[in-house]
Amino acid sequence: MKKLKVKVPATTANLGAGFDTFGLALTLYNEFEVEEYDGVVIQTVPENKFLEIPENNLFVQVLKYACEKRGKTFHGAKVKQITNVPVARGLGSSATAIVAAILISAAVSKTPLTDEYFFDIAYKFEPHPDNLLPAWKGGFVTALVEDGKTYYQQIDFPEDIKAVVAIPQLELSTEKARQVLPKDIPLKDGIFNVQRVALFLAALQNKDYSVLKVAMEDKFHQPYRKQLIPGFDDVVSAAYDNGAIGASLSGAGSTILALATDNFEKIGSSMVQAFEKNGLKAEYKVLDIDKRGAELTILE
Ligand code: HSE
């Protein structure tokens, strides 16, 4: 086993009311190819000089950590990193690097890839199972962590729904987007979100999309985070005006997610226009729900 490749999907977390709970894998992928090597050499596609410095490269850092955790010295690796998931936009780019490195470390060391092994390493780098799990397992996932143990379930997601993501040229770190959140929330806001999470799940199960707009409202994070994203309300309105069945901030932002069964291009371009009206350049992508999760291939 000399050369391995892992392909990991982007994710969109929260889906409105399911803050720190729901995550969905999308058909947009980062790829990581690794060969045994003495020393670290990183090639990035598209070229990103910052990520070619090992200390800045999360994938390499996780690989090194996983190796040293097993009591081995990390001698290096030749890495080719193909990045399609935009960084710091709420599409789980860090999770792709973490998941890829863990899968490779397990394969190389012939360690069974248990939940324990996975989360033990993953949480050292990112405490968000709502991104990590869909990136690893694919599909729609609900998760929580209690006393260090992660509880999760994969849930069927309707095949006829696509994700239209409007990605502005605005980097927003999760850290910054969490700093604006209140420490406590009033009971009525808790009730508001619990009711919507339940409605969201039931609507998906029953395929009654007429209630998704209400089900994706939220009082936990979006009202606070939207101040960091110029045009948030306009972009969400544009999505609904053009046929979206649901819309929310994607993860911690800055991307805005619309769910739709039709009119995908119209929804995407209207969201981009709404961002542009608010002074932000943006692009949109129409994506399906990824069901396979991270895939490891042995190349040589
Ligand atoms: N649920 C997390 C948040 C996801 O919204 O902060 C972070 O990627």
Side-chain angles (χ1 to χ4, degrees), residues 8-26 28 30 58-59 62 83 85-100 102 118-119 122-146 150-155 163 165-168 170-185 189-190 192-194 196-197 200-201 215-229 232 235-236 246-257 259 287 290 293-294:
V8 189
T11 52
T12 181
N14 305 327
L15 294 120
F19 177 61
D20 277 359
T21 303
F22 290 153
L24 185 63
L26 303 174
L28 177 69
N30 281 347
L58 182 59
F59 172 77
V62 181
T83 305
V85 182
V87 175
R89 309 296 162 83
L91 288 168
S93 69
S94 317
T96 68
I98 296 167
V99 169
I102 295 174
F118 180 87
F119 291 115
Y123 288 153
K124 287 277 181 275
F125 296 89
E126 157 156 357
H128 301 297
D130 49 342
N131 276 326
L132 292 164
L133 273 161
W136 177 22
K137 305 269 182 181
F140 180 41
V141 182
T142 185
L144 65 90
V145 186
E146 190 179 83
T150 306
Y151 299 83
Y152 64 94
Q153 291 287 301
Q154 284 178 289
I155 305 168
V165 287
I167 310 164
L170 172 70
E171 293 198 3
L172 185 56
S173 72
T174 301
E175 200 191 344
K176 188 173 169 201
R178 290 186 86 87
Q179 272 166 10
V180 298
L181 303 180
K183 294 275 164 291
D184 299 295
I185 49 148
D189 290 355
F192 184 100
N193 270 47
V194 167
R196 277 156 185 77
V197 163
F200 185 78
L201 292 177
M216 289 178 78
E217 291 170 350
D218 144 75
K219 297 250 190 210
F220 286 178
H221 67 117
Q222 292 180 167
Y224 307 99
R225 286 176 163 172
K226 71 181 186 184
Q227 308 143 23
L228 303 171
I229 301 156
F232 176 87
V235 177
V236 169
S248 66
L249 191 62
S250 178
S254 58
T255 294
I256 297 180
L257 162 78
L259 298 180
L287 303 170
D290 168 278

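Counting convention: from 1, in listed order, for ligands and their atoms alike.
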Before signing off on this row, confirm whether Arg178 and ligand 1 have an N or O atom pair separated by under 3.5 Å.
yes
Say whether Asn14, considering both its backbone and side-chain N or O atoms, lies within less than 3.5 Å of an N or O atom on ligand 1.
yes
Find all atoms of ligand 1 within a distance of less than 4.0 Å from any non-hydrogen atom belonging to Thr174, and give their numbers and elements.
6 (O), 7 (C), 8 (O)
His221 near ligand 1 by a heavy-atom separation under 4.0 Å
no
Quick one: does any side-chain atom of Asn193 pair with a main-chain N or O of Ala17 as donor and acceptor, under 3.5 Å?
yes
Taking the six-membered ring of Phe192 as reference, does the cationic atom of Arg196 (NZ for Lys, CZ for Arg) lie under 6.0 Å from its centre and within 45° of its axis?
yes
Do Val145 and Phe119 come within less than 4.5 Å of each other through their side chains, counting heavy atoms only?
no
Which segment of Asp20 sits under 4.0 Å of ligand 1 when only heavy atoms are counted:
both
Touching ligand 1 at all, Arg225? Heavy atoms, strictly under 4.0 Å?
yes
Once you measure the plane-to-plane angle for Phe118 and Trp136, does it fall in the parallel (<30°), tilted (30-60°) or perpendicular (>60°) bin?
parallel
Which atoms of ligand 1 have any heavy atom of Asp130 under 4.0 Å away?
1 (N), 2 (C), 4 (C)
Take Val180 and His221, measure what side-chain contact (heavy atoms from CB on, under 4.5 Å) needs, and give me the verdict at the end.
CA-CA 9 Å; Val180 298; His221 67 117; over 6 Å; no
Is Glu126 in polar range of ligand 1, meaning some N or O pair under 3.5 Å apart?
no
Checking Ser254 side chain against Leu170 main chain: does a donor-acceptor pair fall under 3.5 Å?
yes
Within the side chain of Ser94, is there an N or O that forms a donor-acceptor pair under 3.5 Å with the backbone of Gly92?
no
Nearest non-hydrogen protein atom, atom 8 (O) of ligand 1:
Asn131 ND2, 2.5 Å
